[in-house]
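Take a look at the structure set out below.
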There are 2 protein chains.
Amino acid sequence: MEFLGSASDASCITRARRRQTYDDSTEFKSKNLHAERRRRQKLSDRLLTLRSLVPIITNMNKASIIEDAITYVEVLQRDVKILSDQLLEMESTSEEKEKTIRIDDQINNADDHQEMKKNGIEEDVEVTKINGKKLWMKIVFGKKRGRFTKLLEAMTYLGFEMTDTNVTACNGAILVSASVERTYEDTLEIQETKELIQQIIRSI
Amino acid sequence: MEFLGSASDASCITRARRRQTYDDSTEFKSKNLHAERRRRQKLSDRLLTLRSLVPIITNMNKASIIEDAITYVEVLQRDVKILSDQLLEMESTSEEKEKTIRIDDQINNADDHQEMKKNGIEEDVEVTKINGKKLWMKIVFGKKRGRFTKLLEAMTYLGFEMTDTNVTACNGAILVSASVERTYEDTLEIQETKELIQQIIRSI
DNA sequence: ACCGACACGTGAGTC
DNA sequence: TGACTCACGTGTCGG
């Protein structure tokens, strides 16, 4: 029932200001005094860590800390919702786009590999050397829409210069024979060039 | 200094349990008694609204409420980070995809008539006679996806046999020069052949 | 009976 | 000075 207690330290939230230092020697009071102190300190610590998580702080008050935490939680929840919605939307549109591409692919370059193989023709790339800078190559590949143009583009882009090109299309296959030299490279490795062409064909 | 105060209501957080009802009639104490009551109530309200925002609640304790709020804020922050990262990644990959598609389009089917004409190149078909059964022809036409293949198909279908074909693609145009002879027809009219080729190009 | 959580009233500090 | 916040000690419920 007595009021004057025995509180020595009082760790405040706002600052380390010492307050209400009482005498501890006189009389010992309630048994739950220390427990209550611990409880208060725990709550203050929690409040402090909460405050450390909230970026925007208006006041150092307890109530303000909680208020700021409330608004921050609301902001975070809204952000999560917005972000997940955007992500969902993006995924769906991306899937649609993929689908469109697939359909596009199917419509455009419906590959005649079947027909080609049915007629006993197989893909083939042969490269032989004519001289140091010049190669001759024979390429047989399944007809796809735009595949030859792509091959030309790719080889032009890669610096190949094709001369005396001979192209024939029959039975769902395209045969290309051409002399090739690379513009800005003095040596042309046969195997390397062959693999490059195979890679181009595979990629288109 | 007196302890027995005048607290009538005590809105607890955990439940609406009435506690510590004191007598208000006896004596009036500190002036900040009401202010303190208001402050406590405000803080309790804030804590309650904060609790309403947190989905996972372990205990109804004040400290537990704040603790749960802390962990929840951490989870939300992590979620926001993860989501924004995913979104960013998706956007970049999507942009890459778009870019790929654009490049693909540019390579494939974007009819480059505009670019071709911009570069001073015009469609052209020239046919000259080599000998009775053999012609030489030069064809310049705007690049479209599959146009060359179609040209080859059409000419094969019409019985043309092309030898020494030279194909170049640049600036959105395709130039084809080739020697041509018709398999099962002995005479090849120059003007006729030229018009036929023009018709083929127009039709595709 | 013990222990934890709570609201209370109050003194003390700050602005 | 007054308005405000804070920590304190305490009584009192509930488990």
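A quick note: this is a predicted structure, and the numbers were derived from the prediction, not measured. Just so it is clear: chains get the letters A, B, ... in the order the sequence lines come, proteins before strands, and each one is counted from 1.
- By the neighbour-count criterion of 12 heavy atoms within 6.0 Å, atom NZ of B:K194 is densely surrounded, having more than that number from other residues, nucleotides or ligands.
- Between the side chains of A:E195 and A:Q199, no donor N or O sits under 3.5 Å from an acceptor N or O.
- Atoms CD (A:Q41) and P (C:dG4) sit 15 Å apart, rounded to a whole Å.
- As rounded to whole Å, 13 Å separates atom P of D:dG15 from atom CG of B:N59.
- Residues A:L76 and B:V73 are in side-chain contact: their nearest non-hydrogen atoms beyond the backbone lie under 4.5 Å apart.
- Between A:L47 and A:K62 the shortest side-chain heavy-atom distance falls below 4.5 Å.
- Close to C:dC6, at under 4.0 Å from its OP1 or OP2, lies a side-chain N or O of A:R39.
- Remark: B:E36 engages B:R40 in a salt bridge, criterion side-chain N to carboxylate O under 4.0 Å.
- Residue B:K62 has a polar side-chain atom (N or O) positioned under 4.0 Å from OP1 or OP2 of C:dA7.
- As a whole-Å value, the separation of A:K42 NZ from C:dG4 P is 9 Å.
- Using modelled atom types, one finds a donor on one side chain and an acceptor on the other under 3.5 Å when comparing A:Q77 with B:Y72.
- Side chain A:E36 to base C:dC3: no donor-acceptor pair is found below 3.5 Å.
- When the side-chain nitrogen and oxygen atoms of B:K31 are compared with OP1 and OP2 of D:dA3, none of them lie within a distance under 4.0 Å.
- Rounded to a whole Å, the CD1 atom of B:I65 is 15 Å from the C1' atom of C:dG4.
- Computed from C1' positions of five pairs at each end, the angle between the two local axes of the helix from C:dC2-D:dG15 to C:dC15-D:dG2 equals 0°, rounded to 10 degrees.
- Atom P of nucleotide C:dA5 and atom CZ of A:R38 are separated by 10 Å, given to the nearest angstrom.
- Atom CG of B:N61 is separated from atom P of C:dA7 by 11 Å (rounded to the nearest Å).
- Using a 4.0 Å cut-off, no side-chain N or O of A:R40 falls inside it from OP1 or OP2 of D:dC6.
- To the nearest angstrom, P of C:dA7 lies 18 Å from NE2 of B:H34.
- Between A:E67 atom CD and D:dT5 atom P there is a gap of 12 Å when expressed in whole angstrom units.
- You'll find a donor-acceptor pair under 3.5 Å spanning the side chain of B:N32 and the base of C:dG11, going by distance alone.
- Rounding to the nearest 0.5 angstrom, the gap separating the NZ atom in A:K42 from the CD atom in B:E67 is 8.0 Å.
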